[in-house]
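One structure is given below, encoded as structure tokens.
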Amino acid sequence: MAPPSSAYETFKLFINGETVDAVSGKTFASLNPYTGQPWATIADGGPEDIDIAVRAARAAFEGEWGAKSGFERAAVMRNIADAISANAERLALLEVRDSGKLMREMIGQLKGLGTWYTYYAGLADKLEGKTVPALNPQTYFGYTLRQPVGVVGAITPWNSPLLLLTFKLAPLLAAGCTCVVKPSEHSPASTVAFAQILTEAGLPPGVLNVVTGWDRSTGEALAAHQGVDKVAFTGSTATGAKVAQAAVANINKVTLELGGKSPQIVFPDADLDAAANGVIAGVFAATGQTCMAGSRLIVHESVKDELVAKVVERANAIKQGDPTEAGTEMGPVANRPQYEKVLGFLAGAKAEGATIACGGEPNADLGGLFIRPTVVLADPEKTIVREEVFGPVLAAYTFTDEDEAVALANDTPYGLAGAVWTKDVHRAHRVAAAVRAGTIWINAYRVVTPNMPFGGFGLSGIGRENGTDAVDEYLENKSVLVELTGGSRDPFTMG
Ligand code: NAD
């Protein structure tokens, strides 16, 4: 793999272990959100390329990869982990150029990504079934086999494409499945390079195929393809609903990791400096473009002024700028449509009478796609409190007692994540149990590890990624019953 480079690059599709042009021969340009300039040419794959990729994944599933034991798959996955670490800088730079994420964040993320593959490698050789005592154990012996579901269609969003692909790829490889991934049109490059690196590390051709494409018909074709056995999607709730409909029409399994509007609940006894730090991390890291963004601050009325003042002071001091520079704390919004969407939410908040405590506008000093870190004081029924902005915007409001705090936190159709800030251990666990969300941090925020399940309640999704149970999403359970006596039975009765 080539070293990090600032040169203009070209990325083709990656199918059956080879880089290939789209059947149509078409390409599109990927824009660097910091410079505003095209930095790469991307193959514009369509439904016909999806079809070729699905056939390649099927052949690998029925061929070399499907024939490997769990021990052999684990060995490949450990090599993959090493290869990701060795190429972390190159992959990080691709993500920075495509999405404007901070180089220092992406280097850390990619250096840690191999852990997902070693973690799931540890499960690949332990996919054991059960022996089951049959109703009549003298006559029948029962056992179960856990078998790979087959070809997985993975569809990923533009924020952290490789992390979010890995949430799917590591468990599906452990299970023995193969994959076609359709990365976002806004950040497609790193996924192509990643597939090449994994293939060089020993992943057989056809196990991981990448079809990039500008038009949404590419993702639609993958979600609806009859050669796919399971669809794993990360993205917005609106798209997730369409993807799920397409998958269910084929009676396919589907997991959905969707949007959120996650609460940070701060009680009066909390360490307010730590809470302010967690609020900043929750909503301004990655320019707020994370599914788990802690975008609602629900603070006790007695400490609201003090906490909001701390958050505003920190927010105003955030250094925005070139994402590749070590001192930068917040990069641009990742693409123009998202930038326009965030500004639309801010205009709407102002029109609805919300108070802008800081930010609320583009950063005119930098131009481009930079929006200042924003804190909005708003009532709980306002749009800015209710809808996912997916940008650097915090909506803050107050509660008076614990019951109200929980009710406000749960007053959302989403349920991806949340945090409770308090020194009272009893209250911390009570509130963690009461808030309807897939992940709750206590006195912390934005900590994700391979061995803790991640996913959402409500509109935030279906199923879980990460943790041991995630492998089950890529397995079928098969029952086998063996007749023990060698005798024949009445054909017209069961058992
Ligand atoms: P998006 O829904 O617009 O797109 C996601 C992917 O779906 C892209 O690859 C896109 O090309 C594809 N797509 C679009 N229309 C499609 C269709 N009709 N059929 C099939 N595929 C289609 O989301 P986005 O803007 O790329 O990402 C931001 C969203 O992702 C936010 O809502 C965020 O909360 C969510 N997200 C969730 C998680 C999580 O783990 N829960 C993680 C990251 C992002």
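Order of listing sets the numbers, starting from 1, for every ligand and every atom in it.
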E220: numbered ligand 1 atoms lying under 4.0 Å from its heavy atoms | 17 (C), 18 (N), 19 (N), 20 (C)

Answer yes or no: does an N/O atom from T156 fall short of 3.5 Å to an N/O atom of ligand 1?
-> yes

For the residue pair F370 and Y34, categorise the inter-ring angle as parallel (less than 30°), tilted (30 to 60°) or perpendicular (more than 60°).
-> perpendicular

Using a strict cut-off of 4.0 Å, indicate which atoms of ligand 1 neighbour a heavy atom of N159.
-> 43 (C), 44 (C)

Close-contact set for ligand 1 against F454 heavy atoms, below 4.0 Å | 40 (O)

Regarding Q289 and N159, is there a side-chain donor-to-acceptor distance under 3.5 Å anywhere?
-> no

Identify every side-chain donor-acceptor pair in residues 410-418 under 3.5 Å, counting partners at least two apart or on other chains, and give the distances.
unit_1 : atom_1 : unit_2 : atom_2 : d
N410   : OD1    : R436   : N      : 2.8
N410   : ND2    : A434   : O      : 3.0
D411   : OD1    : R386   : NH2    : 3.1
D411   : OD2    : R386   : NH1    : 3.4
T412   : OG1    : Y414   : N      : 3.1

Test of proximity, K182 against ligand 1: N or O pairs below 3.5 Å = yes

Looking only at protein heavy atoms, what sits closest to atom 22 (C) of ligand 1 is T239 CG2, 3.5 Å

Which residue owns the protein heavy atom closest to atom 12 (C) of ligand 1, what's the atom, and how far is it?
-> I155 CG2, 3.7 Å

Within the 4.0 Å heavy-atom cut-off, what E388 brings close to ligand 1 is side chain

Within a distance under 4.0 Å of any heavy atom of E185, pick out the atoms of ligand 1 and give their elements.
-> 10 (C), 11 (O)

For atom 33 (C) of ligand 1, the closest protein heavy atom turns out to be F390 CE1, 3.1 Å

Nearest neighbour in protein (non-hydrogen) for atom 26 (O) of ligand 1 = W158 CD1, 3.1 Å

One finds that the ligand 1 atoms under 4.0 Å from a non-hydrogen atom of G219 are 19 (N), 20 (C), 21 (N)

Residue G259 vicinity, atoms of ligand 1 by number, heavy atom under 4.0 Å = 32 (O), 34 (O)

Identify which of T234, L459, L258 has a heavy atom lying nearest to atom 5 (C) of ligand 1.
-> T234

For L416, the atoms of ligand 1 under 4.0 Å from one of its heavy atoms are 41 (N)

Parallel, tilted or perpendicular for H186 and W158, by the 30°/60° rule?
-> perpendicular

Would a 4.0 Å cut-off, counted as strictly less than, catch a protein heavy atom around atom 30 (O) of ligand 1?
-> yes

What ring-ring contact (aromatic ring centres under 6.0 Å, His included) pairs are there with at least one residue in residues 444-465, not counting sequence neighbours?
-> W441-Y445

Decide whether T19 and Q196 meet the rule of one side-chain donor and one side-chain acceptor closer than 3.5 Å.
-> no

P183: heavy atom below 4.0 Å from ligand 1, yes or no?
-> yes

Nearest protein heavy atom with distance in Å, relative to atom 23 (O) of ligand 1 = S236 N, 3.4 Å

Look up atom NZ in K168 and atom CZ in F233, then write down how far apart they are to the nearest 0.5 Å.
-> 9.0 Å

